[in-house]
S.K.: 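Below is one structure. I have some questions about it.
Quick caveat, the model's predicted, so the values are computed rather than measured. The figures here come from the full heavy-atom set of this structure, side chains too, leaving out hydrogens, waters and symmetry mates. Counting starts at 1 for both ligands and their atoms, following the listed order.
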Amino acid sequence: MILMKDIVRDGHSVLRAQAAKVEFPLTDEDKKLAAEMMTFLENSQNPEIAEKHQLRAGVGLAAPQVGVSKQMSAVLVPGGDDEEPVLKTVLINPTIIAHSVKNAALSEGEGCLSVDRDIPGYVPRHERITIRYQDFDGNILKLKLKDYPAIVCQHEIDHLHGILFYDHINSTNPFELPENTVLLE
Ligand SMILES: O=C(O)C[C@@H](Cc1ccccc1)[C@H](O)SCc1ccccc1
Ligand code: NI
């Protein structure tokens, strides 16, 4: 089971590396890692388990964050209580193949399981994206997302390319809102 002690923190080179493409067929190790990353997200969103194991809540986790420099990220965006998740998938070799001109940023800014400090500021991202990625069998799938799920997936895809959320924050004016950027509450 992945615990907070297994999550690599900012300063470790793996978080700034370009992760390698995942090869197919997936090895048993790749499959196990994908499952463990998704289980971490489920556990982190379960109050009892998160409390017991002192897990920080997460809606996404990328393989480099557990020290594996491969292009694989798990995302789990919950729906409301007793509802199905808005998005639950493992993105293998994801690329953003299209995006809106309009940008969006979370009004609360962003955090990261690999960054143990608060870094205030808006993180401008695409409001809408189309992601091409592969499933466990290597089939190529496309996913169109907008708003919060799109923000989450961009945060996770950034991890595969050595980018952290605060790289996007305007260092001179962190709360400057670029034009054509909407704030998501
Ligand atoms: O570190 C990660 O990659 C997981 C992040 C993903 C994320 C952060 C900010 C905005 C979008 C995605 C964690 O989920 S940060 C903690 C968190 C938990 C619940 C909701 C939002 C952020
Ligand atoms: Ni992160």
S.K.: Within the protein, flag every N or O under 3.5 Å from an N or O of ligand 1, and note the pair and distance.
M.R.:
| residue | atom | partner | partner atom | Å |
| --- | --- | --- | --- | --- |
| ligand 1 | 1 (O) | Q65 | NE2 | 3.1 |
| ligand 1 | 1 (O) | L113 | N | 2.8 |
| ligand 1 | 3 (O) | Q65 | OE1 | 3.2 |
| ligand 1 | 3 (O) | H155 | NE2 | 3.1 |
| ligand 1 | 3 (O) | E156 | OE1 | 3.2 |
| ligand 1 | 3 (O) | E156 | OE2 | 2.7 |
| ligand 1 | 3 (O) | H159 | NE2 | 3.2 |
| ligand 1 | 14 (O) | V59 | N | 2.9 |

S.K.: Examine R117 relative to Y166 and say whether NZ or CZ is less than 6.0 Å from the centre of the six-membered ring and inside a 45° cone about the ring axis.
M.R.: yes
S.K.: Between the side chain of T181 and the main-chain N/O of P124, is any donor-acceptor distance below 3.5 Å?
M.R.: no
S.K.: Give a yes or no answer on whether the side chain of S100 reaches the backbone of R128 with a donor-acceptor pair at less than 3.5 Å.
M.R.: yes
S.K.: H159 and P64: which non-hydrogen atoms are nearest, and at how many Å?
M.R.: O-CG, 3.7 Å
S.K.: Identify whether the distance between the nearest side-chain nitrogen and carboxylate oxygen of R16 and D167 falls below 4.0 Å.
M.R.: yes
S.K.: List, by chain and then residue number, the residues other than L183 in its hydrophobic cluster (Ile/Leu/Val/Met/Phe/Trp/Tyr, side-chain heavy atoms under 4.5 Å); write none if there are no others.
M.R.: Y122, F175, L177
S.K.: When Ile, Leu, Val, Met, Phe, Trp and Tyr are grouped by side-chain heavy atoms lying under 4.5 Å apart, directly or through other members, which residues fall in the same group as I140?
M.R.: none
S.K.: Check which protein N, O or S atoms are less than 2.8 Å from the Ni ion (ligand 2) and report how many there are.
M.R.: 3
S.K.: Checking side-chain polar atoms at under 3.5 Å, does S114 have a donor or acceptor matched by the opposite partner on Q65?
M.R.: yes
S.K.: I'd like to know if the side chain of N170 and the backbone of T172 have a donor-acceptor N/O pair within less than 3.5 Å.
M.R.: yes
